[in-house]
Amino acid sequence: PAMNPPDASASPTPAGLPAGLRILGLGGAGGRLAHRLSRLEPGVPAWALDTDAAALQRLEGLPAELLGASVQRGLGCGGDAIQAANLAERDHARLQESVPASGFLLLLAGMGGGTGSGVAPVAARLARDRGVLVVALVAMPFDFEGRLRRTNAQQGLEALRSVADLVIPIPHQAVLCATSATSRADELLGCADGFLLGIATGLVRMLRGPFLIPLGIADLARVLRGRRGEGGAAAAEAEGPDRLTAVWTQLLQHPFLTARGLLANAAALVLQVSGGPDLTLEELESLERLAQAAAPQAQVILGAVTQGSLAGRLSVLMVVAPPEVSASSRPESAAAGAAGGTELGERRELVFEDSATPAETSGSVRIARTPLTEGRRGTHPGKSRPPHRSLQQQFDFTPRRPGRFEGVEPTLRGGENLDEPTYARRGVKFN
């Protein structure tokens, strides 16, 4: 059932925002961020999805949907990403309502728990099948959260990368390194949320206007669609006579960009500049030159908006897109070459498991835990359970890239992409 049902009379896109734009917060962290973003940017079409009814009730005023109510009764999924993914598949119609029919979807989620890690790949796949541009902004756990959460987060990230156009991981550990060691826990989490919200706000401003140099959904799709990779993003703001130098220095030293050296190998840079009426052409030209010098191989596209509330300030969002993965460098192709070019090849793919170690793969099959209640039959009172749940082998039916049909419009009916086999479309597993 809908926790905060959307008002049907408010369904048209608010003035100043393009049709098809939607923010979708998944799980506790994602819902909290979507709620805060809707307060910072009034009128932004934001939704929240969770398996925890209590978490959704705290998101006052935000349209929210409860997944898996008939199974979990609103009690959450206990950090079980496999179960969350199955609940999303079970509530396919409810999930479909929260995904736009076209345009741009920004996913907000925290990786490492259950709902964010498990539902995000399902929502991204559904949106991709509709031809929606999908950008996922996900928070990665601190090191002190434990090995299990870190492993779950990495596996969820890998699953999400295979279906979203661009995934931007926000490493909370980098936030910890950039703050004082004596910072309180609430200050640390607030700082991490602030970094992430700065990026999300920049993306909304990019599409909202009023435009000085337009940069719309079609422009983003041209440089981001189909990359299926891990990118980066950072936002910075400054004021005063040296605001240009200050903003650029903040971006170069930003913990989300320096840790992985993304700029040197970037294939594309999206620069969104927001300022007041005093924004100058010289500042825009200087930012473009600085970006091109920092990423000499990248295609740089720049957009600019002006708002009266930003008078005297300069705000810049930088989104870094990685090179598009070629067929020869994809994991399955590389594995096939190492195996002597077998017909099926070997797909090295991380999957969700109970243990804190990456999944083992063998040939063209992967090893995954039995989802939901399967594998629990035959248990009797009084008998001790084995220390680990049994594993089963499953053929990997993850949808492959369409190859030479990449640019062809999909055949859609009832929200489903009929160009994909039914078993892949509906998540049916063959043992």
Side-chain angles (χ1 to χ4, degrees), residues 23-41 44 46 106-113 116 120 135-145 149-150 153-154 156-157 160 164 166-206 230-239 243 246-263 266 269-274 291 294 310 313-322:
I23 313 296
L24 183 58
L26 302 172
R32 184 182 73 249
L33 290 165
H35 185 248
R36 290 189 60 185
L37 182 61
S38 68
R39 298 294 179 90
L40 291 172
E41 293 290 330
V44 64
L106 176 62
L107 287 176
L108 301 176
M111 294 283 110
V135 174
L137 194 57
V138 296
M140 304 298 286
F142 294 101
D143 287 350
F144 60 71
E145 294 184 59
R149 284 185 65 87
R150 293 198 306 271
Q154 192 59 44
L157 184 64
L160 187 55
L166 182 68
V167 179
I168 303 174
I170 305 301
H172 276 175
Q173 191 63 25
V175 177
L176 180 62
C177 296
T179 56
S180 171
T182 59
S183 297
R184 300 197 313 264
D186 58 342
E187 292 176 338
L188 187 61
L189 291 173
C191 182
D193 281 0
F195 275 127
L196 198 148
L197 284 170
I199 296 171
T201 300
L203 286 169
V204 172
R205 284 178 181 170
M206 177 189 305
E230 183 178 315
E237 187 173 297
E239 57 185 341
R243 62 186 186 180
V247 160
W248 188 250
T249 301
Q250 289 179 48
L251 289 173
L252 291 183
Q253 297 176 355
H254 202 284
F256 296 165
L257 298 182
T258 56
R260 294 169 289 163
L262 287 172
L263 287 175
L269 284 185
V270 178
L271 282 179
Q272 171 58 30
V273 184
S274 303
L310 293 175
R313 289 185 289 161
L314 181 65
S315 178
V316 179
L317 168 69
M318 179 188 290
V319 178
V320 184

Looking at every heavy atom in both [X] and [Y], which two are closest together, and how far apart are they?
X	Y	result
G231	P169	O-CD, 3.5 Å
I199	A233	CD1-O, 3.5 Å
L37	V44	O-CG1, 4.1 Å
L251	A234	CD2-O, 3.8 Å
R150	D143	NH1-O, 2.7 Å
A321	L166	CA-CD1, 4.4 Å

To the nearest 0.5 Å, how far apart are [atom1] in [X] and [atom2] in [Y]?
X	Y	atom1	atom2	result
L157	M140	CG	CE	4.5 Å
L160	M111	CG	CE	6.0 Å
L108	L197	CG	CG	8.0 Å
R313	E237	CZ	CD	4.5 Å
L137	I168	CG	CD1	5.5 Å

If you define the side chain from C-beta out and look only at heavy atoms, does anything of [X] sit under 4.5 Å from [Y]?
X	Y	answer
M318	L257	yes
L263	L269	yes
V319	L203	yes
T201	E41	yes
V138	L107	no

Only counting residues at least two apart or in another chain, list the ones meeting side-chain contact (heavy atoms from CB on, under 4.5 Å) with [X].
X	answer
A238	R243, A246, V247, Q250
A192	H172, V175
L189	F142

So, the side chain of S38 versus the backbone of H35: is there a donor-acceptor pair under 3.5 Å, distance only?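 Between the backbone of H35 and the side chain of S38 there is a qualifying donor-acceptor contact (under 3.5 Å).
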